[in-house]
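Keep in mind the model is a prediction, meaning the values are calculated, not measured. A note on names: the letters A, B, ... follow the listed sequences, proteins ahead of strands, and every chain is numbered from 1.
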Protein chains: 2
Amino acid sequence: MNISDVSKRTGLPPKTIRYYEDIGLIRPARDTNGYRVFQHADTHKLAFLGRARTLGFSIEDCRTLMALYEDQERNSGDVKRLAQEHLARIDEKIEQLQSMQATLRHLVRECAGDNRPDCPILRDLAQD
Amino acid sequence: MNISDVSKRTGLPPKTIRYYEDIGLIRPARDTNGYRVFQHADTHKLAFLGRARTLGFSIEDCRTLMALYEDQERNSGDVKRLAQEHLARIDEKIEQLQSMQATLRHLVRECAGDNRPDCPILRDLAQD
DNA sequence: TCTTGACCTTCCAGTGACTGGAGCCCCTAT
DNA sequence: ATAGGGGCTCCAGTCACTGGAAGGTCAAGA
């Protein structure tokens, strides 16, 4: 399989697939013409990586998850810890964003949004 | 005032303040020795920028907000639109993160997290 | 006066995870 | 023979800083 086929199957752009090879997440074989040749195992790995990225795991986390996935002797505890740490970061981010959301909602509601210069949003940003 | 004083007052690191000058958000005066000299107006601007950044506005949004703030002829509608667009992006991000959160919470709950290799998290990532 | 240490300066490189583009090669169909 | 749609590599840019090197400046103490 060529890169564009894999791209269609996994939903990952060709650029991203090449990038993943670049940083050592996959090692597809090469044809005599230099083209990458993807076996099923490569596609499977890429799909795995795509799903992990969708869940927000960092590339380094993905690397670790792949290694654990391929390690038959792994402890599920290691996987769980990684996921929990990631979850905690997500929880934190959501809280931050919700705090911004609350403030912004309030300010937007207060602002007339007309052609006059008076603006509670700017007043809030400029407060001492 | 020197940069470290302004840093203490605004909570912005000196590096960030220099960066903001670099990209033209502020134009502090210079002493004969080359040191930046911050007037009250500069500090005020930096505080404004710091608060806008805290609300998650991009640097380019901050630039626009500053311009609107300094424009006595502005329409509050322009400010409101900017804030609403930003708010919409935040809403979207929160939704994305909440979806990840839900999936991860579920997976983490399912995973024994012991010294055995069996792991629902990896099974989920590896599913076809 | 000299020295020490805390400032300040500029400039360069790195972060994460791609993405766009240039310039080139290859393959297939007409 | 050529046209087009692939593929390849390499370089630069994104965003908003941040770290570090190399060097100039200032105030206080010996």
Side-chain angles (χ1 to χ4, degrees), chain A residues 1-39 42-43 45-46 48-66 82 85-86 89-90 93 96-97 100, chain B residues 1-38 42-43 45-46 48-66 85-86 89-90 93 96-97 100:
Chain A
M1 256 197 306
N2 278 350
I3 199 163
S4 65
D5 305 312
V6 181
S7 171
K8 273 164 213 144
R9 271 184 210 215
T10 60
L12 297 170
K15 279 271 185 190
T16 300
I17 298 173
R18 289 192 196 101
Y19 172 67
Y20 285 175
E21 181 186 15
D22 227 49
I23 61 172
L25 286 176
I26 52 166
R27 291 180 194 282
R30 295 289 181 136
D31 208 338
T32 47
N33 58 14
Y35 286 21
R36 288 168 185 80
V37 180
F38 294 85
Q39 313 291 347
D42 298 309
T43 312
K45 268 194 187 190
L46 285 168
F48 182 102
L49 291 168
R51 273 188 291 270
R53 293 285 302 128
T54 298
L55 287 181
F57 285 104
S58 73
I59 289 285
E60 281 320 298
D61 281 353
C62 289
R63 203 188 292 280
T64 306
L65 286 168
M66 277 293 315
L82 197 67
E85 284 166 14
H86 178 48
R89 279 190 297 271
I90 286 181
K93 249 190 208 167
Q96 277 176 21
L97 287 171
M100 292 178 190
Chain B
M1 258 198 303
N2 279 351
I3 199 162
S4 64
D5 305 312
V6 180
S7 171
K8 273 164 213 144
R9 271 183 210 217
T10 60
L12 297 170
K15 280 272 186 189
T16 299
I17 297 173
R18 289 192 196 102
Y19 172 67
Y20 286 175
E21 181 186 15
D22 228 49
I23 61 173
L25 287 177
I26 52 166
R27 293 181 193 281
R30 294 291 179 133
D31 207 338
T32 47
N33 58 14
Y35 286 21
R36 287 169 185 82
V37 180
F38 295 85
D42 299 308
T43 312
K45 269 195 187 189
L46 285 168
F48 182 101
L49 292 167
R51 272 188 291 270
R53 292 287 301 129
T54 298
L55 287 181
F57 285 105
S58 73
I59 289 285
E60 282 320 299
D61 281 353
C62 289
R63 202 188 293 278
T64 307
L65 286 169
M66 277 293 316
E85 283 166 14
H86 178 47
R89 280 191 296 271
I90 287 182
K93 249 190 206 167
Q96 276 177 21
L97 286 171
M100 293 178 189

The side chain of [X] is closest to which nucleotide in this list: [options]?
X	options	result
A:K15	C:dC7, C:dG21, D:dG6	C:dG21
B:I3	C:dC8, D:dT18, C:dA17	C:dC8
B:N2	C:dC18, D:dG7, C:dC8	C:dC8

key: Donor-acceptor pair (no angle test) under 3.5 Å: B:Y35 side chain, D:dG24 base   = yes

[X] has an atom [atom1]; how far is it from atom [atom2] of [N], in whole Å?
X	N	atom1	atom2	value
A:L12	C:dA17	CG	C1'	12 Å
A:I59	C:dT19	CD1	P	11 Å
A:R30	D:dC8	CZ	C1'	8 Å
A:R36	C:dC25	CZ	C1'	14 Å
B:I23	D:dT14	CD1	C1'	14 Å
B:N33	D:dA27	CG	P	9 Å
B:F57	D:dA16	CZ	C1'	17 Å
B:D5	C:dA6	CG	P	16 Å

query = Is any side-chain N or O of A:T16 closer than 4.0 Å to OP1 or OP2 of C:dT19?
reply = yes

task = Indicate whether OP1 or OP2 belonging to C:dA6 is found under 4.0 Å from a side-chain N or O atom of B:S4.
result = no

inquiry  = Let me spell it out: for each of A:Y19 and A:T32, pick the nucleotide of DNA chain C with the closest heavy atom. Which residue's pick is nearer the 5' end?
reply    = A:Y19

ask   = In terms of side-chain geometry, is the basic nitrogen of A:E60 or A:R63 positioned less than 4.0 Å from the acidic oxygen of its partner?
value = yes

task = For A:P14 and for B:E60, find the nucleotide of DNA chain D with the closest heavy atom, then tell me which residue's nucleotide is more 5'.
result = A:P14

Main-chain N/O of [Y] paired with [X] side-chain donor or acceptor, under 3.5 Å:
X	Y	value
B:T54	B:G50	yes
A:N33	A:Y35	yes
B:H86	B:L55	yes

message = If you apply the rule side-chain contact (heavy atoms from CB on, under 4.5 Å), what do you find for A:V6 with A:I17, and how did you get there?
response = CA-CA 9 Å; A:V6 181; A:I17 298 173; 4.0 Å; yes

Would you indicate what [X] reaches in the nucleic acid, counting non-hydrogen atoms under 4.0 angstrom: base, sugar-phosphate, or nothing?
X	result
A:Y20	sugar-phosphate
A:R18	base
B:P13	sugar-phosphate

